[in-house]
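Worth knowing before you read on, the calculation uses all heavy atoms, side chains too, and leaves out hydrogens, waters and symmetry mates. In what follows, chains carry the letters A, B, and so on, assigned in the order in which the sequence lines appear, proteins first and then strands, with residues in each chain numbered from 1.
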Number of protein chains: 2
Amino acid sequence: MLNYTNLKHRPTDKELVCEFYVEPNRVTMEKACEQVAAESSIGTWTTISTMNPRAAEKLRPTVFSIKGNTVKIAYPQDLFEAGNMPEILSSIAGNIFGMKTVKNLRLNDIIFPKQIVKSFKGPRFGKEGVRKLTKVKERPFCGTIVKPKVGLNPAEHAKVAYEAWAGGLDVVKDDENLSSMTFNKFETRIAKTLDARDKAQTETGEKKIYMPNITAETMKMLDRADYVKSLGGEYIMVDILTCGWAGLQTVRDANLNMFIHAHRAGHAAFTRNPKHGISMKTIGRVARVIGVDQLHIGTAVGKMEGSAEDVISSQKGLEEDMFGIKPVLSVASGGLHPGHTPDLVKILGKDIVAQYGGGCHGHPEGTRAGATAIRQSIEAATKGISLKEYAKSKRELALALKKWG
Amino acid sequence: MLNYTNLKHRPTDKELVCEFYVEPNRVTMEKACEQVAAESSIGTWTTISTMNPRAAEKLRPTVFSIKGNTVKIAYPQDLFEAGNMPEILSSIAGNIFGMKTVKNLRLNDIIFPKQIVKSFKGPRFGKEGVRKLTKVKERPFCGTIVKPKVGLNPAEHAKVAYEAWAGGLDVVKDDENLSSMTFNKFETRIAKTLDARDKAQTETGEKKIYMPNITAETMKMLDRADYVKSLGGEYIMVDILTCGWAGLQTVRDANLNMFIHAHRAGHAAFTRNPKHGISMKTIGRVARVIGVDQLHIGTAVGKMEGSAEDVISSQKGLEEDMFGIKPVLSVASGGLHPGHTPDLVKILGKDIVAQYGGGCHGHPEGTRAGATAIRQSIEAATKGISLKEYAKSKRELALALKKWG
């Protein structure tokens, strides 16, 4: 059998580095690490006659760090096809999760080498692109998701969106399970909602963003993106995990010159267990390399699980230097209401989109007042004034705090 | 708040039914079920002003069965876009996995209604198509994966494939992380390996199958499929989970008239935990509806985890009646050697492809003898003769049993 462990090895700039959480199953830690390295690269469970010294020498990965259950493996970049994210993940996030020799295994982070990063397009606009489009400089962006998730017709949808923009929000997005329904056809909804956006822009003098969900089979996504663009939309939204990496990459590679908003529906099936699966930070890395401009990373407050530490770690992965590719704008969404805003901004800073669904439309006076309350909470947090203080002169915020405190 | 529970409800033929494992987190079971139903359809975490009675009445799902932790929910089919698998999964396998009100949540099965099944293409060939192509009627198919997983050049790859076919195997497949590498370009490999296939077919008088891995960004997959077809290949292989559903659907919808072999690399990140994530059976249902012809479902023996019960359940989902769409051929792969064959056939029957990687190339006399030993084990299992008995007159099988017995 080959030997993959060398704790003196230091990764080179031609290696991809994975950080795993490894919990062995009735074998030693060393043995489990060896098998993870083998199965994710060139090895298998038994000695084989077809292995050759060239492959073994040039392509074998190195387990170079084992600290407790945290294991780092460096993979020569030639193990991977440049520009092919599904192939890369089939190696380092493939069969290994099902090996009997590990009880639990989690891919916690990937550091991609320059050659692989540069073989993808990366974000077209990223965080700074959104600032430039909107001319909003000094505060977090605020937005909503049209609710109910599905059920409104296009006219009702557009009206809710208009109220949200008119009330003070920057962003309106479709929900993740809204695409083209019998009662709400994609084309009609997009046309009416972009009209509503234009109206709100004229009335408020502010740039307003609509993020239509184009999630579908790949060719249909491209058609839908073209349609949005033809009506003056700058954004498309993709459920990146239920669509998958091949489809996302195709959408990015089509060079639509549109912002890609990435929704992570389904992630918690494999990100939630801290000992098994794939971390959200890793998903963010992959999405950034392929080239989304914005990504949902959680809230650390609200209806969804996810610790502040995890969310901050994901955000770091979206923003830190990666061979010059653009930082991705973090989106916080899931059970937020205006009362959460100060904590949210404290945790994630100003470079976020804060999305409030029920926390907008559930306002006692409806969507427009809910939007106003949210914007007020954003202003308060930006100015460093407590919500309680700020609400003294802001009726909408006061009502929101009264309902959700 | 809406109420979603009605234990007297019986699902209609216009509803999609999900079976979940639900473990509440500091709420009652009933409350957890209500929230799963809401978040996967039209609801959110608070009362909202924009909900309307029409949406609530026509679209709300029904929790109709709660037995222990097993919960069934019926969703009106109008909640979903026909022909759009990513959208369907963003609803019923989306945000719900991350809700704080569940400690664990697993999607164990989906029963699709006729209208949704018929909105997809389904398998072009399926199980019977493979029998027809090969004219193999009475026994399991046997195959190998070229090993090492990556590292050989195209000529070496083709030679290993030739030896495997010549030794007696029906099927040779690329490994899941082999696509187009610097040292093994896709086009060269496919050309050389299909030549080797032709040679083996001529020499043995048997139909031989090569499954080239086209896994990549969607457009590249379509190009690669066209290339394979242009050289006389009948099969393509896709890593369906790392490519994702949008890309897979695009490949199927392209009407290539080629067999689609589906590899499940990465599944165990979310299928392994029996309490959280998505079951392999569910993945199989989804892949079948979209239209793969063959799918890896595990072995119940060998190097990968997965109980016999789980594997049998996945196979059932691939084969049972589903509004007349074709059954999918089950593929067993992962740490198999000839000694496993009788148990494998006992568990899964004859309608399988049994794939041996290390269990072929690891044979003491090399790939060809390994292939012969496998074929001998298949013959023995088909005839109901014990391996020990059969090996008395079969040298290759005897050597294999001696190594791995």
Side-chain angles (χ1 to χ4, degrees), chain A residues 42 44-51 55 59 78-79 81 84 86-87 89-91 93-95 97-98 100 147-151 160 176-177 179-182 215-219 239 242-247 249-250 253 265-266 268-270 277-278 303-305 335 357-358 361-362 366-367, chain B residues 42 44-51 55 59 78-79 81 84 86-87 89-91 93-95 97-98 100 147-151 160 176-177 179-182 215-219 239 242-247 249-250 253 265-266 268-270 277-278 303-305 335 357-358 361-362 366-367:
Chain A
I42 59 172
T44 190
W45 58 276
T46 184
T47 51
I48 55 174
S49 57
T50 51
M51 181 63 77
L59 296 172
D78 279 353
L79 269 172
E81 181 182 1
N84 186 344
E87 187 274 337
L89 295 176
S90 288
S91 300
N95 292 347
F97 297 115
K100 277 182 181 166
K147 298 278 179 185
K149 296 166 82 76
V150 297
V160 171
E176 75 283 350
N177 59 336
S179 54
S180 191
M181 327 309 288
T182 53
T215 293
E217 172 273 324
T218 322
M219 299 305 187
D239 295 348
T242 55
C243 284
W245 302 117
Q249 201 180 332
T250 308
D253 289 0
F270 55 83
I278 304 174
K303 72 180 168 181
M304 297 299 180
E305 63 81 40
H361 314 296
T367 297
Chain B
I42 59 173
T44 189
W45 57 277
T46 182
T47 52
I48 56 173
S49 58
T50 50
M51 182 62 77
L59 296 172
D78 279 354
L79 269 172
E81 182 182 1
N84 187 342
E87 187 274 337
L89 295 176
S90 288
S91 299
N95 291 348
F97 298 114
K100 278 182 180 165
K147 300 278 178 184
K149 296 167 82 74
V150 297
V160 172
E176 74 283 351
N177 59 336
S179 53
S180 191
M181 328 310 289
T182 53
T215 293
E217 173 273 322
T218 323
M219 298 306 187
D239 296 348
T242 57
C243 284
W245 303 117
Q249 201 179 333
T250 307
D253 289 0
F270 55 84
I278 304 174
K303 74 180 167 181
M304 297 298 179
E305 62 81 38
H361 314 296
T367 297

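Residues passing the salt bridge (Lys or Arg N to Asp or Glu O under 4.0 Å) test with A/Glu176, sequence neighbours excluded: A/Lys149. With sequence neighbours excluded, the residues satisfying salt bridge (Lys or Arg N to Asp or Glu O under 4.0 Å) with A/Glu81 are B/Arg224.
Note: A/Ile48 leads A/Val160, A/Ile48, A/Ile278, A/Thr182 in heavy-atom pairs under 4.5 Å with chain B. Taking B/Ser180, B/Ser91, B/Ala265 one by one and counting their heavy-atom pairs under 4.5 Å with chain A, the maximum is reached by B/Ser180. Between chain A and the residues B/Gly357, B/Gly247, B/Ala216, B/Gly366, the largest count of heavy-atom pairs under 4.5 Å involves B/Ala216. When B/Gly362, B/Gly277, B/Ala93 are compared by the number of non-hydrogen pairs under 4.5 Å with chain A, B/Gly362 comes out ahead.
Closest approach of A/Pro86 and B/Thr215 over heavy atoms only: CB-CG2, 3.5 Å. Considering every non-hydrogen atom in both A/Val150 and B/Ile42, the closest pair reads O-CG2, 3.3 Å. Across all non-hydrogen atoms, the minimal contact from B/Gly266 to A/Phe97 is O-CD1, 4.3 Å. Scanning all heavy atoms of the two residues, the minimum distance from B/Pro148 to A/Thr50 falls at CD-O, 3.4 Å. The shortest non-hydrogen separation linking B/Leu59 to A/Gly151 is CD1-CA, 3.4 Å. The two residues A/Ser90 and B/Asp239 have their closest heavy-atom pair at OG-OD2, 2.6 Å.
Looking at A/Met181, the atoms closer than 4.5 Å to chain B (heavy atoms on both sides) all sit in the side chain, from C-beta outward.
Side-chain contact between A/Asn84 and B/Glu217 is absent, with no heavy-atom pair separated by less than 4.5 Å.
If you take NE2 on A/His361 and CE on B/Met51, they are separated by 11.0 Å, rounding to the nearest 0.5 Å. Once rounded to the nearest 0.5 Å, the distance linking CG of A/Asn177 with CG of B/Leu79 reads 7.5 Å.
Put simply, the side chain of A/Thr250 gets close to the backbone of B/Thr218: a donor and an acceptor are under 3.5 Å apart.
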